[in-house]
Amino acid sequence: MGVAAWREAPYFTEQERAALALTEAATRIADNPDGVPDEIWDQAAKHFDESSLAALVMAIASANAWNRINVTTRRIAGSYR
(Lines give C-alpha, C1' and ligand atoms only; values in the text may rest on other atoms or scores of the structure.)
Protein backbone atom coordinates (compact mmCIF):
# COMPACT_ATOMS: atom_id res chain seq x y z
CA MET A 1 0.00 0.00 0.00
CA GLY A 2 2.91 2.36 0.57
CA VAL A 3 3.73 2.61 -3.13
CA ALA A 4 0.35 4.19 -3.88
CA ALA A 5 1.19 6.96 -1.39
CA TRP A 6 4.93 7.09 -2.07
CA ARG A 7 5.08 10.88 -1.79
CA GLU A 8 3.70 10.82 1.75
CA ALA A 9 5.35 7.59 2.92
CA PRO A 10 8.43 8.22 5.05
CA TYR A 11 10.33 5.05 4.24
CA PHE A 12 11.48 5.52 0.63
CA THR A 13 15.03 6.64 -0.13
CA GLU A 14 15.72 9.55 -2.46
CA GLN A 15 16.79 7.05 -5.13
CA GLU A 16 13.54 5.10 -4.74
CA ARG A 17 11.54 8.33 -4.89
CA ALA A 18 13.33 9.30 -8.12
CA ALA A 19 12.49 5.89 -9.62
CA LEU A 20 8.87 6.16 -8.51
CA ALA A 21 8.54 9.68 -9.93
CA LEU A 22 9.98 8.51 -13.25
CA THR A 23 7.65 5.52 -13.25
CA GLU A 24 4.63 7.70 -12.57
CA ALA A 25 5.57 10.26 -15.24
CA ALA A 26 6.26 7.58 -17.85
CA THR A 27 3.05 5.73 -16.99
CA ARG A 28 0.66 8.67 -16.82
CA ILE A 29 1.35 9.76 -20.38
CA ALA A 30 -1.95 11.62 -20.66
CA ASP A 31 -0.65 13.95 -17.94
CA ASN A 32 2.65 14.49 -19.78
CA PRO A 33 1.91 15.02 -23.50
CA ASP A 34 5.44 16.40 -24.00
CA GLY A 35 7.08 13.39 -22.37
CA VAL A 36 8.68 13.00 -18.97
CA PRO A 37 9.41 16.44 -17.51
CA ASP A 38 13.10 17.36 -17.49
CA GLU A 39 13.22 17.80 -13.70
CA ILE A 40 11.95 14.25 -13.16
CA TRP A 41 14.40 12.81 -15.68
CA ASP A 42 17.28 14.84 -14.20
CA GLN A 43 16.46 13.63 -10.69
CA ALA A 44 16.48 10.01 -11.86
CA ALA A 45 19.73 10.55 -13.76
CA LYS A 46 21.25 11.94 -10.56
CA HIS A 47 20.59 8.64 -8.77
CA PHE A 48 21.16 6.09 -11.56
CA ASP A 49 24.06 5.65 -13.96
CA GLU A 50 23.30 5.35 -17.67
CA SER A 51 23.04 1.55 -17.66
CA SER A 52 20.82 1.47 -14.57
CA LEU A 53 18.63 4.24 -15.94
CA ALA A 54 18.19 2.31 -19.19
CA ALA A 55 17.24 -0.81 -17.21
CA LEU A 56 14.76 1.21 -15.16
CA VAL A 57 13.14 2.66 -18.29
CA MET A 58 12.84 -0.85 -19.77
CA ALA A 59 11.32 -2.19 -16.54
CA ILE A 60 8.77 0.65 -16.54
CA ALA A 61 7.95 0.01 -20.21
CA SER A 62 7.61 -3.72 -19.60
CA ALA A 63 5.27 -3.27 -16.63
CA ASN A 64 3.19 -0.80 -18.61
CA ALA A 65 3.02 -3.16 -21.59
CA TRP A 66 1.81 -6.04 -19.41
CA ASN A 67 -0.75 -3.79 -17.74
CA ARG A 68 -2.11 -2.76 -21.12
CA ILE A 69 -2.20 -6.37 -22.34
CA ASN A 70 -4.14 -7.35 -19.21
CA VAL A 71 -6.60 -4.49 -19.70
CA THR A 72 -7.05 -5.34 -23.37
CA THR A 73 -7.64 -9.05 -22.71
CA ARG A 74 -9.51 -8.42 -19.44
CA ARG A 75 -7.12 -10.58 -17.48
CA ILE A 76 -6.24 -10.05 -13.86
CA ALA A 77 -2.51 -9.79 -13.26
CA GLY A 78 -1.12 -12.95 -11.75
CA SER A 79 -3.88 -15.23 -13.02
CA TYR A 80 -3.41 -17.80 -15.75
CA ARG A 81 -6.89 -19.23 -16.29
Side-chain angles (χ1 to χ4, degrees):
M1 294 295 175
V3 173
W6 66 269
R7 283 186 174 84
E8 295 81 23
Y11 41 79
F12 292 107
T13 66
E14 287 303 311
Q15 183 183 44
E16 291 167 334
R17 289 178 188 282
L20 288 164
L22 180 60
T23 301
E24 185 175 89
T27 300
R28 298 178 54 117
I29 55 177
D31 296 342
N32 300 301
D34 295 327
V36 172
D38 290 340
E39 59 271 9
I40 291 176
W41 180 264
D42 293 345
Q43 189 66 17
K46 179 177 147 184
H47 291 282
F48 296 94
D49 64 24
E50 189 174 298
S51 178
S52 296
L53 194 53
L56 179 58
V57 168
M58 291 306 298
I60 293 166
S62 179
N64 283 326
W66 283 111
N67 286 335
R68 282 161 176 76
I69 290 167
N70 286 340
V71 167
T72 301
T73 60
R74 297 183 180 168
R75 300 286 183 238
I76 297 172
S79 68
Y80 62 92
R81 291 189 178 165

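A distance of 8.0 Å separates CG in Asp31 from CD in Glu24, rounded to the nearest 0.5 Å. The CD1 atom of Ile60 sits 4.0 Å away from atom CG of Leu22, with the distance rounded to the nearest 0.5 Å. Taking CG of Leu56 as the reference point, atom OG1 of Thr23 lies at 5.5 Å (rounded to 0.5 Å). A distance of 11.5 Å separates CH2 in Trp6 from CD in Glu16, rounded to the nearest 0.5 Å. Atom CG of Asn67 is separated from atom OG of Ser62 by 9.5 Å, given to the nearest 0.5 angstrom.
The heavy-atom pair separating Arg7 from Arg17 by the smallest distance is O-NH1, 3.5 Å. When every heavy atom of Arg68 is checked against every heavy atom of Thr27, the shortest pair comes out as NH2-O, 3.7 Å. Contact between His47 and Gln15 at its shortest, heavy atoms only, is O-NE2, 3.1 Å. Taking each heavy atom of Ala25 and Ile40 in turn, the nearest pair found is CB-CD1, 3.9 Å. Between Leu53 and Phe48, the shortest heavy-atom contact is N-CB, 3.9 Å.
Around atom CD of Glu50, no more than 12 heavy atoms belonging to other residues, nucleotides or ligands sit under 6.0 Å away.
In the hydrophobic cluster analysis, where Ile, Leu, Val, Met, Phe, Trp and Tyr join through side-chain heavy atoms closer than 4.5 angstrom, Met58 is grouped apart from Trp66.
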